[in-house]
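Order of the sequence lines fixes the chain letters, A, B, ..., with proteins taken first and strands second; residue numbering starts at 1 for each chain. It should be emphasised that the depicted structure is a prediction, and the values quoted were computed from it without experimental measurement.
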2 protein chains.
Amino acid sequence: MTEPMYRQIADDLRAQIESGAIAQGAKLPTESELRVGYGAARNTVREAVKLLSSRGLVESRPGLGTFVTRSARPFVTTLAAAPLPEAGGAAYAGALGDSEGTEAVAGLNEQGRTPSASGPLVTVQTTPDDVAVWLGISPGTQVVSRRWEWFADGRPWSLRTSYYPFEFVASGATDLVRAEGLPGGSVAYLERRLGLVQVGYRESILARPPASDEAKFLELPDDGRGCVVTVARASYRQGEGRLIPFRVTVTVLPADRIVLVINSGEVPDLADHTAPEVA
Amino acid sequence: MTEPMYRQIADDLRAQIESGAIAQGAKLPTESELRVGYGAARNTVREAVKLLSSRGLVESRPGLGTFVTRSARPFVTTLAAAPLPEAGGAAYAGALGDSEGTEAVAGLNEQGRTPSASGPLVTVQTTPDDVAVWLGISPGTQVVSRRWEWFADGRPWSLRTSYYPFEFVASGATDLVRAEGLPGGSVAYLERRLGLVQVGYRESILARPPASDEAKFLELPDDGRGCVVTVARASYRQGEGRLIPFRVTVTVLPADRIVLVINSGEVPDLADHTAPEVA
DNA sequence: GCAAATTTGTTCGTATGTATT
DNA sequence: CAATACATACGAACAAATTTG
């Protein structure tokens, strides 16, 4: 029942970090010092440090040393804003995903962050299987995908990809395949062009390890540590006596730098009462 | 700029897994076989396998071998249900956190899952710093914490801890310190006993590595792989001309087994149109 | 029930490469 | 260039878990 030595060392170091005995940003003892201090082989203390590193508690840099990770102020994103039942046109407007311009990240401005985006990368492709299910179309059908890369304060912040049935383009929504932002957002464009009115949407949130392209863009270490949070939104319109999905947007965010917020009923302004950020 | 050998091996194995050449649940070659196959030392192929393991792609079991992880059907939890403005009493009722009984997990029943809970573990403690901020009370103040352990299908599903200012007990809400469920939930109890009416709440979602006690209960491997999703809810009441937080509930869920869903406006039933679950 | 074989887990030692100052 | 510190790679030995004969 005795713990392996590298776990004991890791637990000891973790306790020192969490108690503040080793402060944020401070340098850990070098591997040689740890080797002597714990009376273990260098490989063994490396196992311990790797455990902490894979948990994100410390970061190692060759030639410099190993440092306690600084927790950065997270980007706060408000998900489901209060419903806007009296707005004309679309009955519901969401904070994350409707707009393609800077409106989509207005919340970041309020936090004193400066958001920016790459233009959309537009591709026509065979539907990914999962997207086909959400859009209610047959696997193998063509879809238009529009991918944006978002930055906040110059740091990568999110990857957002929207999928539309290709038939929308054939029906006249030709701007969908132009690599430019759609004024007012794609939902408004589809309403103008095809008369599709968004009456609601469903968002699914999950956390998972990053794909390699995601890890690369979001600057997540490619060693399996850290994960991404994805917010997948299916937008619905009324049609044929039932609700029909007409767009899917997937937003991928780095888990260690974001907080998602949902307000229900009457709540104070975020500035007045900070959102819970669990340590 | 050449990739380290253990990464090349990991990439090769990952490609085989993702292409299906090694099926879900199938056994990887043993470390000895991999050593011969890749012409590397055993420690090197172990590094490669560890990388995949920390990403959750494979699981190793002593004496048996290493197997491709089976992706389980996730538990779907609906977060912000449609607002209930016409309900008497509390203006807003939430799906996750208001009720202490089985109502809180009714959604699981609909999925054919059988939820169960341990009784609450009640403690009176000094306020954790973060909780103090959300409750708007001074650090060092006493709070009542009520922790529930939830299971679904016999598997651990979530840890839920609610915090209340201790003054509520002194003011007459003495049942808060009893280790029993409160009929109708604690929000209803506080309204009956103290006249506190919940007018809204804010939920903050984030993903982070598990604390060691969380990893233990949720049966997450203690090797840093995997993370937890936390949903922290601050509940507000109207008072003194402003909104005052009166309760904080933190729910901790295993990231690899859950999906959070938010509905806005008109959406189909979940059973009719499956929530997006991004692969 | 027990012993052997198989497979992963832990620990050590050593050597060399690479990034930073 | 030299010193420092982490990264990679190899080899070896023993421990612990599991299955099989």
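Salt-bridge check for A:Lys216 with A:Asp213: failed, with every basic side-chain N at 4.0 Å or more from each acidic carboxylate O.
Nucleotides of DNA chain C nearest to A:Val45 and B:Glu33 differ in position, and the one nearer the 5' end is that of B:Glu33. The 5' end of DNA chain C is approached more closely, in terms of each residue's nearest nucleotide, by A:Gly39 than by the other of A:Gly63 and A:Gly39.
Atom OH in A:Tyr6 sits roughly 9 Å away from atom P in C:dG9 (whole-Å rounding). As rounded to whole Å, 8 Å separates atom C1' of C:dC12 from atom CG of A:Asn43. Going from atom CZ of A:Arg61 over to atom C1' of C:dT21 covers 12 Å, rounded to whole Å. The CD atom of A:Glu31 sits 11 Å away from the P atom of D:dT8 (whole-angstrom rounding). Rounded to whole Å, atom C1' of D:dC6 lies 14 Å from atom CD of A:Glu59. In this structure, the CZ atom of B:Arg46 is 14 Å from the C1' atom of D:dG11, given to the nearest Å. Rounded to whole Å, atom P of D:dT8 lies 18 Å from atom OH of B:Tyr38. C:dT8 atom P lies 15 Å from atom CD of B:Glu47, rounded to whole Å.
When each of A:Val259, A:Thr230, A:Ile258 is tested with A:Leu253 by the rule side-chain contact (heavy atoms from CB on, under 4.5 Å), just one qualifies, namely A:Ile258. Applying ring pair (Phe, Tyr, Trp, His ring centres under 6.0 Å) to B:Phe217 and the options B:Trp148, B:Trp157, B:Phe151 leaves one that passes, B:Phe151.
At D:dA5, none of the side-chain N or O atoms of A:Ser60 fall inside 4.0 Å of OP1 or OP2 (strictly under the cut-off).
Judged by atom type and distance alone, A:Arg42 reaches the base of D:dA7 through a side-chain donor-acceptor pair under 3.5 Å.
Closest approach to the A:Pro62 side chain among C:dT21, D:dA7, C:dT10 is made by D:dA7 (side chain taken as heavy atoms from C-beta onward). Checking D:dA9, D:dA5, C:dT10 against every side-chain atom of A:Thr30, the shortest atom distance belongs to D:dA5. When distances run from any side-chain atom of B:Thr44 to the nucleotides D:dC10, D:dA7, C:dC12, the shortest one goes to D:dC10. Side-chain atoms of B:Arg7 lie closest to D:dT8 of the nucleotides C:dC12, D:dT8, D:dC10.
Using a 4.0 Å heavy-atom cutoff across all strands shown, A:Ser32 reaches no nucleic acid atom at all.
Using modelled atom types, one finds a donor on one side chain and an acceptor on the other under 3.5 Å when comparing B:Gln16 with B:Asp12. For the residue pair A:Thr123 and A:Ser145, a side-chain donor N or O sits within less than 3.5 Å of a side-chain acceptor on the partner.
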